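Scroll down for the structure; my scribbles are underneath it.
Just so you know, these numbers come straight off a predicted model, no measurement behind them.
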Amino acid sequence: MVFQNGATAAFATNHTLSISMETSSISSKDHGDFAATMPSSITWEVTCENLFSLTDASAFRDAILSMQPVTLALSQSNYAGYGTQQQAGGKIGEPGIVDSANGSAAWTEGTGFVAGKAYVTSFQVNAPAGDNATYSVTFTGTGALVTNANSSTYGQ
C-alpha cells in the first residue's frame, strides 16, 4: 500500500514500483567490439491508481502544485479492526473504511518495504460516463530509496 506522509492512498486499485539503474560507457580500445559499462545512478518511481476520493485526490493535487517533495512509502498495511466501522467505499475490510467513532482511517502503516522522498510529477483524474471516477498519481524519487523502512521510520 502507498503511504504519503504517513497517510494511505485510499481505494487503491494498483501500485507499481519501478527501480532503474543508469549506466555510463567505459568502452575503450581494449574492449574490442564489445561495449563496457558501469553503474552511474539509480532512479525510482511509484505509480498509484485509485478510485476517486475527494480528500485523497485533493492531497495529491496539492502536492504537485506545491512542488515540494513528500515522504513516500510502500509498506504493508495494518487494519485497525472491525469494531464499529462504517463503510466509506469498497467492501468491509478493504481500504477506505473509517472508524465511525472518530472518523480516522482504519488502515495504518505497517512493516516497511521501501521509503524515500519523492515529487508528485503527474496527477490525472478520469471521470467517464457510467463508470467509477478514478485518479492516477506518479511519484518520482529524489535521493535514496531506503529498504525496510516506512514513512514513520524513514530518515531515523
Side-chain angles (χ1 to χ4, degrees), residues 1-26 35-82 85 87-99 103-128 131-156:
M1 187 171 275
V2 168
F3 289 83
Q4 174 192 338
N5 296 331
T8 183
F11 311 117
T13 59
N14 188 43
H15 298 120
T16 302
L17 168 65
S18 300
I19 304 172
S20 300
M21 181 177 61
E22 307 295 325
T23 59
S24 296
S25 175
I26 57 167
T37 61
M38 66 178 287
S40 59
S41 64
I42 295 176
T43 60
W44 59 275
E45 180 178 272
V46 172
T47 58
C48 181
E49 298 170 16
N50 305 65
L51 294 175
F52 188 85
S53 155
L54 184 59
T55 302
D56 290 334
S58 296
F60 293 120
R61 176 206 59 209
D62 294 347
I64 195 169
L65 293 175
S66 74
M67 298 174 58
Q68 296 297 312
V70 297
T71 300
L72 182 72
L74 215 59
S75 69
Q76 286 184 323
S77 58
N78 297 319
Y79 182 61
Y82 290 97
Q85 279 87 28
Q87 189 169 345
K91 298 177 183 173
I92 297 296
E94 292 184 344
I97 305 303
V98 297
D99 185 331
S104 64
W107 291 99
T108 58
E109 194 171 4
T111 304
F113 178 62
V114 293
K117 292 284 188 182
Y119 290 96
V120 176
T121 53
S122 175
F123 173 73
Q124 180 178 4
V125 175
N126 184 26
D131 203 354
N132 293 325
T134 60
Y135 68 95
S136 301
V137 182
T138 301
F139 299 90
T140 301
T142 180
L145 184 63
V146 179
T147 59
N148 302 316
N150 59 33
S151 65
S152 62
T153 60
Y154 175 77
Q156 294 181 359

request  = Keeping the roles fixed (side chain from Thr138, backbone from Thr121), state whether a donor-acceptor pair exists under 3.5 Å.
outcome  =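 Here the side-chain-to-backbone pair does not exist.
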
ask   = Rounded to the nearest 0.5 Å, how far does OH of Tyr135 lie from CD of Glu49?
value =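 Separation between the atoms: 11.0 Å.
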
key: Approximate separation, where rounding is to 0.5 Å, of Asp131 CG and Leu51 CG   =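 Spacing of CG (Asp131) from CG (Leu51) equals 9.5 Å.
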
ask   = Can Leu145 and Ile19 be said to form a side chain to side chain contact (heavy atoms under 4.5 Å, CB included), step by step?
value = CA-CA 9 Å; Leu145 184 63; Ile19 304 172; 3.7 Å; yes

inquiry  = Between Leu72 and Val46, does the side chain to side chain contact (heavy atoms under 4.5 Å, CB included) criterion hold? Intermediate values first, please.
reply    = CA-CA 9 Å; Leu72 182 72; Val46 172; 3.8 Å; yes

query = Given Thr47 and Glu45, is the side chain to side chain contact (heavy atoms under 4.5 Å, CB included) satisfied, shown in steps?
reply = CA-CA 7 Å; Thr47 58; Glu45 180 178 272; 4.2 Å; yes

For [X] against [Y], the heavy-atom pair lying closest together:
| X | Y | value |
| --- | --- | --- |
| Ile64 | Phe123 | CD1-N, 4.1 Å |
| Ala118 | Trp44 | CB-CH2, 3.8 Å |
| Phe52 | Ala57 | CE1-CB, 3.5 Å |
| Val70 | Ala63 | CG1-CB, 4.1 Å |

Non-hydrogen side-chain atoms of Glu22 and Thr43 separated by less than 4.5 Å =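 Yes - at least one pair of side-chain heavy atoms lies under 4.5 Å apart.
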
query = With a 4.5 Å heavy-atom cut-off, do Asn126 and Pro128 have their side chains touching?
reply = yes

request  = Tell me, with the steps shown, if Thr71 and Lys117 meet side chain to side chain contact (heavy atoms under 4.5 Å, CB included).
outcome  = CA-CA 5 Å; Thr71 300; Lys117 292 284 188 182; 2.9 Å; yes

query = Taking the six-membered ring for Trp, are Phe139 and Phe60 parallel (under 30°), tilted (30 to 60°) or perpendicular (over 60°)?
reply = perpendicular

